[in-house]
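Let me begin by presenting the structure, written as structure tokens, before commenting on it.
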Amino acid sequence: MTSCLQLQNCRALRLAWPPPGANPRPLYPLALPPLPAAGPGPHPLRGYSGGSAWLPGALLRTDSFVGGRWLPAAAGTFPVQDPASGAQLGRVADCGAAEARGAVNAAHQAFCSWKGVSAKERSSLLRKWYDLMIKNKDDLAKIITAENGKPLKEAQGEILYSAFFLEWFSEEARRIYGDIIHTPAKDRRGLVLKQPVGVAAIITPWNFPSAMITRKVGAALAAGCTVVVKPAEDTPFSALALGELANQAGIPAGVYNVVPCSREKAKEVGEALCTDPLVSKISFTGSTATGKILLHYAADSVKRVSMELGGHAPFIVFDSANVDQAVAGALASKYRNSGQVEKQVNDAVSKGATIVTGGKRHSFGKNFFEPTLLSNVTSKMLCSQEETFGPLAPVIKFDTEEEALAIANAMNVGLAGYFYSQDPAQIWRVAEQLEVGMVGVNEGLLSTVECPFGGVKQSGLGREGSKYGIDEYLELKYVCYGGL
Ligand code: ADP
């Protein structure tokens, strides 16, 4: 049977982990951490007591991080909760436009010296930051699990993946080359220099609170830029913990700044960051709707932008596919991370879809959802149109390759696409014709620091990771060298 699984959890994209030598690829439900010997809380299964006591105090920062200092916000604090239990994890500085502008000023001041730091020195500072992430990986993973709600094993995987971006960009920092061009004039040469764009405003989502930051910040710092990070309101602790480690690594004050804020303040902080004349670059991961708002800001002051927006990843299984491989790939890529699904399931069922398995809240508690498979899905259903964050796989049947491609390419987004086939000619055709930025052929996990991550259509602009990711933070300058 041929089938097309519409896998919409694209911003919750597949991480290429664990690294070699680590445990095999986790499936959902994941192996859970051992139960604590004692301890209250509604979800003992998670090995988590439902409060900040479980969290590593040394890395649990609650102030903003600006110019190398921990600063409170004038408006006070906002609460951050554990999404699994609802327990309050802490209160964090609720920054506004004034604090955002202060952070931009600090970043700009730091840029004036950071851009002159040798590539080798920038490289070694990023490497120290990476080493500290690895040293503190278990504590960092606990922070992610607490603030984001994903299983601890997923969080541990994210921390490694996240740290690998710092490692990768510490290496790439030394490989920013220019060009020499022979012009028609004998007495002239064209030189192309690569220079950092300046201060980058970085706005990140909740689903990969650490990896989204290092993927952007690693490239920015390697290029010689400085950054102001506005983390998602639900997950500020990862960004702040990275600030603590940046300090310990000796990253100069003002090079990495973090301005956390509540959902209520997100708009004013976003606007302050993205309209400030001292900011030269906006890098955003989040919803397409927010991305469009930020693009308007960028247009007004002609800033460089990178946008990683929503996706709707098709997962196509052709007749010739190795079905066991396809099932393993679908499980590995689909039923992971975390999310809040239910409305789409109800909508699909009301329009004729059949629940093959799952479909309701899990007995673990009201904030958990069962892994769910829907059949008889049509393109009219919300789950075929909206991005899904959660363990939901709707299945659409198709008859021909053209039909499968038509379904997949009908989306106005195009981040990743996956297909399973053993037919070499079909593999070539479909890989070329899928309208996405990343294609998995007989593989459900494709993200790795060495390869370019990004989408086409309304899934975004630019690429992250890989040797290309650093270009997003560099300007080309042509120097015409005459009089030879
Ligand atoms: P998600 O669905 O992942 O929460 P959002 O686009 O709403 O996607 O959020 C991603 C990031 O964008 C978060 O850090 C959020 O605070 C920020 N954000 C949301 N709305 C705005 C806005 N109007 N201006 C700037 N940032 C925003």
Side-chain angles (χ1 to χ4, degrees), residues 8-13 64-65 73 75 78-81 83 92-101 103-104 144 147-150 158 200-217 227-240 242 257-276 279 281-301 303 305-312 337-344 382 385-390 413 415 455 458-461 464:
Q8 305 92 327
N9 63 336
C10 298
R11 270 191 286 127
L13 262 175
S64 67
F65 184 58
F78 69 100
V80 180
Q81 286 162 347
V92 173
D94 195 4
C95 295
E99 284 87 357
R101 280 193 290 271
V104 169
I144 291 185
E147 68 180 357
N148 164 286
K150 69 177 69 175
E158 178 175 340
I202 289 180
I203 299 179
T204 56
W206 59 273
N207 59 346
F208 288 105
S210 177
M212 298 296 173
I213 291 174
T214 56
R215 192 158 76 190
K216 296 169 192 295
V217 171
V227 300
V228 179
V229 176
K230 191 209 90 55
E233 44 284 345
D234 312 311
T235 56
F237 291 118
S238 295
L240 294 169
L242 284 170
N257 305 278
V258 186
V259 283
C261 70
S262 61
R263 189 77 185 174
E264 292 68 42
K265 288 239 161 54
K267 194 170 173 303
E268 75 170 77
V269 169
E271 184 171 354
L273 291 178
C274 297
T275 58
D276 195 308
V279 169
K281 159 92 193 180
I282 300 168
S283 180
F284 171 72
T285 299
S287 62
T288 305
T290 304
K292 287 177 183 174
I293 295 172
L294 302 186
L295 278 170
H296 277 110
Y297 294 146
D300 281 344
S301 48
K303 297 191 196 306
V305 286
S306 299
M307 295 271 147
E308 198 222 305
L309 309 176
H312 210 281
N337 204 33
S338 65
Q340 304 81 37
V341 188
E342 196 170 37
K343 185 177 82 175
Q344 293 185 0
L382 279 183
Q385 294 163 5
E386 289 180 347
E387 194 167 18
T388 306
F389 293 101
V413 289
L415 192 53
Q458 292 193 26
S459 282
L461 297 167
E464 298 193 333

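As the structure lists them, so they are numbered: ligands from 1, and atoms in each ligand from 1. If you're wondering where the values come from, they're calculated on a predicted model, not measured in any experiment.
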Under 4.0 Å from a heavy atom of [X]: which atoms of ligand 1 are those, numbered in the order shown and with their elements?
X    : answer
G270 : 25 (C)
S287 : 5 (P), 6 (O), 7 (O), 8 (O)
L294 : 24 (N), 25 (C)
A266 : 16 (O), 24 (N), 25 (C), 26 (N)
I203 : 11 (C), 12 (O), 14 (O), 17 (C)
A232 : 13 (C), 14 (O)
E233 : 15 (C), 16 (O)

Answer with yes or no whether the side chains of [Y] and [X] bring together a donor and an acceptor at under 3.5 Å.
X    : Y    : answer
T235 : N148 : no
E147 : S238 : yes
K216 : T285 : yes

Could you tell me whether the side chain of K230 reaches within less than 4.5 Å of the side chain of P260, counting heavy atoms only?
no
Taking the side chain as C-beta and beyond, is there a heavy-atom pair between K265 and E233 under 4.5 Å?
no
Would you give me the side-chain donor-acceptor pairs under 3.5 Å for residues 268-275, sequence neighbours excluded?
residue	atom	partner	partner atom	Å
E268	OE2	A97	N	2.7
T275	OG1	E271	O	2.6

Just distances here: any N/O of T204 and N/O of ligand 1 closer than 3.5 Å?
yes
K267, any N or O under 3.5 Å of ligand 1 N or O
no
At what distance, to the nearest 0.5 angstrom, does CD1 of I202 lie from OG of S306?
9.0 Å
Is it true that E271 lies under 4.0 Å from ligand 1, counting heavy atoms only?
no
